[in-house]
Asks: 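Can you keep this structure in mind? I'll have questions shortly.
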Amino acid sequence: MTIVEFGASPPAVEVQGLGHQYGERWALVGVTFTVARGEIFGLLGPNGGGKTTLFKILATLMRATNGLGRIFGSSLDSEAAAIRRHLGVVFQHPSVDPKLTVLENVEHHGHLYGWRGPALRGRALSLLKRFGLDDRIRDRVETLSGGLRRRVELAKAILPRPALLLLDEPSTGLDPGARRQFTGYLETLRQEEGVTVLLTTHILEEAERCDRVGILDRGTLVALDTPEALKARVGGDVVVIHAADPDGLRAKVAEKFGHEPRIVDGSLRVECARGHEFAREVMEAFSDSVSAVTFGKPTLEDVFISLTGRRLWDEQRER
Amino acid sequence: MRRIVLPVLTLWWREMLRFCRQRSRLAGALAQPLVFWILLGGGFSASFRPPGAPGGMGYAEYFYPGIIAMVILFTAIFSTIAVVEDRREGFLQGVLVAPIGRPTIILGQSLGGTTLALLEGLLFLALAPLVGITLTGGAFVRVGAVAFLVAFGLVNLGLVIAWRLDSTQGFHAIMNLILLPMWFLSGAFFPATGVPVWLEWAMRLNPLTYGVAALRHSLYWESPGGAGPIPPFTLSILVTLGFAVVTFAGATWAASRKAI
């Protein structure tokens with residue numbers, strides 16, 4: 001982790017007791033966290049968990065109902081104009097114009113920030129080259145694949161040299177290969193331009209590659225740490241037992257082994273040390289009622305389940 | 001200055017590029033008024049003499065300035081309706097988080113739409129000789145200047161609506177309930193002479209009445225009285241100018257409310 005601290009200079013993002021209300025419903029409640037300069041920070045959570053609301057507030061598109069928010073020391077409430085100069089934003093929905101070419105999109109965006117002439121052209125071309133788009137600059141964005149369009153979005157957002165890059169679900173709709181490449185670009189930008197990155201995601205691999213991850217569920221920040229530390233909280237391995245009658249089996253497992261399995265998505269889950277031995281013992285003891293047993297090292301999803309009792313993806317299906 | 005001029009220019013230029021790359025839009029804004037003009041103008045000309053109009057003016061000629069207003073209105077609607085989607089899921093998202101003021105965004109957008117409306121209006125103006133209106137260079141410039149002002153007001157009215165609404169369906173409803181009646185009651189279609197009093201008042205309070213009147217005056221500049229009994233030129237220009245200022249302020253206000 002390469003967190004750069006500039007003496008007493010304020011952190012990139014500082015949020016204290018932030019809340020937001022839509023009508024009667026609270027989408028965010030008492031969210032508090034800090035993002036250091038140079039950090040890649042992820043907000044992980046199911047859709048509807050409050051990520052996009054928080055993103056919009058940080059992007060100066062919406063005012064929080066209560067609480068404090070500062071970006072590089074400037075208040076989100078009263079100094080939005082000053083904040084916008086330091087902000088690069090990649091939205092969940094495309095913000096590139098499909099009718100314009102790749103270069104036109106990036107240069108139009110640069111004009112909005114006062115960039116022009118050879119400085120603009122040079123910066124645009126070098127970014128497009130870095131993202132492997134140099135042979136497509138004269139093509140209209142509507143002819144590009146989803147992965148390439150995302151790279152245009154990134155080139156556009158980073159062009160005016162923002163100090164903080166905000167990304168809302170940047171890799172939605174990308175295949176795993178394109179997703180890994182995209183995260184790789186973020187890492188490069190952090191190294192070469194010293195940009196701080198804050199992204200929202202519901203994709204585990206993306207969150208795994210962040211320096212720190214905040215888990216946002218039903219509007220509250222339920223955990224915040226490095227991915228490793230979060231996973232260490234689960235304790236040992238995660239054993240998942242599939243059975244025709246999970247409730248019956250749960251009682252039997254509890255009685256015999258003293259564990260209290262949770263039922264998530266119709267399967268039993270046990271968090272314990274030496275999961276492979278426990279898995280074997282369960283198989284031997286209840287071979288009649290168990291249909292399958294899997295075990296593995298905890299992922300961030302296991303962290304989410306252990307905190308909330310629900311899977312990350314369930315909420316999406318419910319939606 | 002650079003913080004204002006450059007963003008305005010780039011937003012304006014984007015409208016031009018988009019328009020050139022969507023050919024159907026050119027036809028869309030011209031075809032319907034043309035069909036209206038030919039069918040209604042042709043159909044009414046046999047039975048309907050505009051009351052109060054100078055002798056010898058047929059319906060197709062009476063209707064002509066109104067059709068120019070319609071071309072402008074349609075282009076204004078088409079160019080602003082896109083803002084609804086653009087704001088939520090398009091290029092405008094990035095514009096909204098850029099360090100530029102809301103009036104700058106509205107100015108860029110409205111100058112873009114105004115230019116397009118003006119171009120289409122002037123294209124239609126080339127048909128004037130067909131109805132017996134002689135078009136001098138001076139008339140062309142005068143009509144152009146008035147059309148610019150009318151277009152700027154209508155585009156900004158479209159922007160007020162587009163920034164307030166979250167769906168294009170809502171825009172269509174407003175178009176049918178407000179924008180088209182506004183055009184019907186502007187003196188474009190029939191003169192205020194002899195209509196029921198309540199209708200006469202509706203026409204008198206309609207800002208577009210003065211836009212259409214200003215267009216008529218500028219077409220018949222050399223033959224005063226040729227435009228018929230309509231509001232005087234100075235009043236028409238002042239109301240049209242006021243309408244443009246008010247709608248621009250309204251659009252800026254609507255844009256500021258959607259995002260701080």
Side-chain angles (χ1 to χ4, degrees), chain A residues 55-64 71 74-101 104-117 120 140-142 152-157 159-160 162 164-166 168, chain B residues 1-26 78-79 82-109 111-112 116 163 166-167 252 254-260:
Chain A
F55 168 85
K56 281 189 177 163
I57 292 170
L58 294 176
T60 72
L61 286 173
M62 217 159 73
R63 274 206 178 97
I71 287 183
S74 301
S75 158
L76 279 166
D77 251 347
S78 55
E79 296 166 288
I83 289 173
R84 287 186 186 136
R85 270 192 273 285
H86 306 293
L87 225 50
V89 184
V90 175
F91 295 89
Q92 189 172 348
H93 296 293
S95 75
V96 283
D97 190 326
K99 294 287 170 198
L100 302 189
T101 68
E104 282 167 349
N105 261 295
V106 175
E107 291 199 333
H108 273 281
H109 191 72
H111 290 151
L112 298 175
Y113 288 76
W115 284 64
R116 61 176 176 171
L120 172 61
R140 285 195 204 165
V141 165
E142 62 191 350
V152 183
E153 296 271 356
L154 187 59
K156 188 176 113 139
L159 183 126
L164 173 64
L165 188 59
L166 296 174
D168 193 15
Chain B
M1 274 316 271
R2 190 162 142 189
R3 286 257 172 228
I4 294 175
V5 175
L6 202 56
V8 168
L9 278 180
T10 209
L11 290 171
W12 175 82
W13 183 236
R14 173 182 171 239
E15 293 296 328
M16 301 303 116
L17 286 176
R18 283 179 62 82
F19 185 78
C20 295
R21 291 172 191 174
Q22 292 170 293
R23 299 263 157 74
S24 58
R25 278 177 67 185
L26 180 74
F78 288 147
S79 72
V83 170
V84 179
E85 296 288 325
D86 202 24
R87 204 180 76 219
R88 291 152 53 86
E89 317 195 331
F91 189 82
L92 263 185
Q93 298 175 98
V95 179
L96 281 173
V97 295
I100 50 178
R102 297 296 176 256
T104 309
I105 298 177
I106 295 299
L107 191 62
Q109 286 185 322
L111 285 180
L116 298 176
W163 277 93
D166 284 335
S167 74
T252 304
S256 318
R257 272 177 54 99
K258 279 293 169 181
I260 41 175

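Each chain gets a letter, A, B and so on, in the order the sequences are listed, and its residues count up from 1.
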Asks: At their closest point, which heavy atom of B:Val97 faces which heavy atom of A:Tyr113, and how far apart are they?
Replies: O-OH, 3.8 Å
Asks: Look at A:Gly88, A:Pro98, A:Pro94 and state which one has the largest set of heavy-atom pairs under 4.5 Å with chain B.
Replies: A:Pro94
Asks: Write down the atom of A:Leu112, the atom of B:Ile100, and the distance for their closest heavy-atom approach.
Replies: O-CG2, 3.4 Å
Asks: Measuring heavy-atom distances to chain B, does A:Ser78 have an atom under 4.5 Å in its side chain, in its backbone, in both, or in neither?
Replies: neither
Asks: Would you give the length of the straight line joining atom NZ of A:Lys56 to atom CG of B:Leu96, rounded to the nearest 0.5 angstrom?
Replies: 11.0 Å
Asks: Taking the side chain as every heavy atom from C-beta outward, state whether A:His93 and B:Arg88 have any pair of such atoms under 4.5 Å apart.
Replies: no
Asks: Please name the pair of heavy atoms, one in A:Arg85 and one in B:Pro99, separated by the smallest distance, quoted to 0.1 Å.
Replies: CG-CB, 3.7 Å
Asks: Where on B:Arg3 is there a heavy atom nearer than 4.5 Å to chain A: the side chain, the backbone, both, or neither?
Replies: side chain
Asks: Quick one: does B:Phe91's side chain get under 4.5 Å of A:Lys156's, heavy atoms only?
Replies: yes
Asks: Can you give me the closest heavy-atom contact between B:Gln93 and A:Ser95, atom names plus distance?
Replies: NE2-CB, 3.6 Å
Asks: Is B:Val95 in contact with chain A via its backbone, its side chain, both, or neither, using a 4.5 Å heavy-atom distance?
Replies: both
Asks: Please determine whether a side-chain nitrogen of the Lys or Arg among B:Arg21 and A:Glu104 lies less than 4.0 Å from a carboxylate oxygen of the Asp or Glu.
Replies: yes
Asks: Which atom names give the shortest non-hydrogen contact between A:Asp97 and B:Arg14, and what distance separates them?
Replies: OD2-NE, 2.7 Å
Asks: From the options A:Arg116, A:Glu107, A:His108, select the one residue that forms a side-chain hydrogen bond (donor to acceptor under 3.5 Å, both in side chains) with B:Thr10.
Replies: A:His108
